[in-house]
Amino acid sequence: MSKLALDRLIEKFPSEVTSHHAAHGDETAVVKGARLVEICTFLRDDPSTSFEMLTDLTAVDYLGQKEPRFEVVFHLYSLSKNHRLRLKIELPEETPEVPSVLSVWKSANWMEREVYDLYGLQFVGHPDLRRILLYPEFEGHPLRKDYDTEKRQPRIPARSGRTHL
Amino acid sequence: MGEMSSENLLGQDVAATTVEAATGFFQKLLNKNEKVQDVVNWGRKWSFFQYPFVTACCGMEYMATAGPRYDYARFGAELPRFSPRQADLLMVVGTISHKQAPVLRTVWEQMADPKWVISFGVCASSGGFYRNYATVQGIDTIIPVDVYIPGCPPRPEAVLDALMMLQDKVQKERRPLLPIVK
C-alpha cells in the first residue's frame with residue numbers, strides 16, 4: 001500500500017533520497033537532511049501521501065559499526081490512507097544536526113527533546129531544546145554507545161557507609 | 001508548670017499541660033515497667049499508617065494485597081495516608097530513579113518518629129534488573145530500610161509475610177516515646 005507513498009517521494013525528490021527499500025510493508029527511505037522540512041511538508045500535504053501523523057521520532061547510534069555514526073528515524077502514519085513510511089537521516093559524529101520538524105508536526109516537540117536528551121543530537125530550529133527525561137545537572141547522553149554503563153550521577157549522596165553502585 | 005499537681009501511681013506530678021510534660025510522664029512509666037513498653041509496641045504494630053510511595057508495576061500487587069482477598073487491614077494497616085506527616089510506615093513500591101531520589105528522601109524526612117520503611121520488590125531493594133544510569137541501586141543507599149520484600153513483583157503472601165516480620169520487629173523495640181533532641 002505505502003509503496004505508492006514511497007514511489008511518490010522518490011518521484012518528487014529524486015536527488016534527496018539516497019537509498020530506499022520496501023519489504024513486507026516496511027517502506028523506508030534514507031534522505032538527506034538539508035531539505036527535510038520541505039520533504040516532510042510535502043509528505044503531509046500531498047493528497048496521495050497524507051502523512052498527518054508523526055508516530056515516532058527516535059535515533060540509533062551505530063558506533064563502530066558504520067559511518068556516519070548516527071541515524072535519526074521518523075515513523076510516519078497516514079490516518080486517512082492507513083499507510084506508513086519510515087524516513088532515516090544519517091548524521092556524522094562531528095556535526096550531529098538535523099532540522100526540526102516541529103513546524104510540520106507538533107508531536108515532534110517532546111520527541112526531539114528526548115532524542116537530544118539521550119543521544120545529544122541537535123535539532124536546528126527547535127524553540128526549547130533542553131532535557132526532558134533526565135535532570136538538568138546530568139552530564140552526557142546515556143544512550144550513546146560510548147557512555148560508560150557503570151557511570152552513576154546521583155543527585156543526593158549515599159548514606160554513610162553506602163555507595164551508589 | 002508544677003503548680004497544679006497530684007499524687008499518682010508514680011508518685012509524681014501528672015497535671016501536664018505541655019507535650020513535653022505529658023511525654024515525660026509516660027516515658028517514666030515506660031522506664032519503670034518493661035510491660036508498658038510492650039503495650040505501646042503492641043499498639044504500634046497493630047496500627048501502621050502507611051505512606052504508599054508507588055512508582056511502578058509493583059503497585060498492582062500492593063493493591064491486590066490491600067484488596068478483599070488478602071486484605072492487610074486485618075493486620076491493622078488499614079488506611080494509606082497520602083501525607084507523610086500522618087504516616088509511620090513508608091512503603092517504597094517500585095523502581096526509584098536518581099531523578100526521584102531527592103523526593104523519596106524528603107518524604108522520609110517529613111515523616112514523624114517512630115517510623116519504619118518497607119522496600120517492596122526487587123527494584124526498590126536492589127535496582128532489580130535496572131542496572132543502569134537512571135536507577136537507584138537499592139533505596140537503602142539513601143534511606144534506612146527495615147524489611148525487604150523480594151519478587152518481581154512480590155506475591156501478596158510475601159507482602160503479608162513482610163508485614164508480620166515488621167510487626168515482630170516493632171514488638172521487640174526499645175525506644176523512647178519521642179526522639180531525644182539535644
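Here is the naming used below: chain letters follow the sequence lines, and residue numbers restart at 1 for every chain.
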* To do: Determine whether B/R105 and A/R155 make a side-chain contact, defined as any pair of heavy atoms from C-beta on separated by less than 4.5 Å.
  =>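 B/R105 vs A/R155: side chains apart.
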
* To do: May I ask you to name which of A/Y147, A/Y135, A/F138 has the most heavy-atom pairs under 4.5 Å with chain B?
  =>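 Sorted descending by pairs with chain B, the first entry is A/Y135.
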
Might you confirm whether atom [atom1] of [X] has over 12 heavy atoms from other residues, nucleotides or ligands at distances under 6.0 Å?
{"X": "A/K88", "atom1": "NZ", "result": "yes"}
{"X": "A/K151", "atom1": "NZ", "result": "yes"}
{"X": "B/R74", "atom1": "CZ", "result": "yes"}
{"X": "A/K106", "atom1": "NZ", "result": "no"}

Please check if [X] and [Y] belong to a single hydrophobic cluster, counting links between Ile, Leu, Val, Met, Phe, Trp and Tyr side chain heavy atoms closer than 4.5 Å.
{"X": "B/W116", "Y": "B/Y72", "value": "yes"}
{"X": "A/L43", "Y": "A/V101", "value": "yes"}
{"X": "B/L90", "Y": "B/F49", "value": "no"}

* Asked: Given that the side chain runs from C-beta out, which part of A/T163 has a heavy atom under 4.5 Å from chain B: side chain, backbone, both or neither?
  ->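 Contact with chain B: backbone only.
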
* Side chain / backbone / both / neither for A/E150 at chain B, heavy atoms under 4.5 Å ->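 For A/E150, the contact with chain B is made by the side chain alone.
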
* Is there a donor-acceptor pair under 3.5 Å between the side chain of A/R152 and the backbone N or O of B/A134? ->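 Such a contact is absent between A/R152 side chain and B/A134 backbone.
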
* With B/H98, which residues qualify under ring-ring contact (aromatic ring centres under 6.0 Å, His included), at least two apart? ->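 ring-ring contact (aromatic ring centres under 6.0 Å, His included) check on B/H98 returns A/H164.
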
* To do: Could you tell me the separation between the CD1 atom of B/I143 and the CZ atom of A/R162, rounded to the nearest 0.5 Å?
  =>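 Output value for this atom pair is 12.0 Å.
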
* B/T141 side, atom OG1; A/I156 side, atom CD1 - distance, nearest 0.5 Å ->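 Those atoms lie 7.5 Å apart.
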
* **CA sep, side-chain torsions, deciding dist, call: B/R131, A/T149, side chain to side chain contact (heavy atoms under 4.5 Å, CB included)** => CA-CA 8 Å; B/R131 185 175 172 172; A/T149 52; over 6 Å; no

* Residue pair B/I142 / A/P157: nearest heavy atoms and the distance that separates them ->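 Looking at all heavy atoms of both residues, the shortest contact is CG2-O, 4.4 Å.
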
* What closest approach, in Å, do B/K99 and A/L133 show between heavy atoms, and which atom pair accounts for it? ->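 Distance-wise, the nearest heavy atoms are NZ-O, 2.8 Å.
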
* To do: Heavy-atom pairs under 4.5 Å with chain A are the metric here; pick the option from B/A101, B/P102, B/G127 that has the most.
  =>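 Between B/A101, B/P102, B/G127, the count favours B/P102.
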
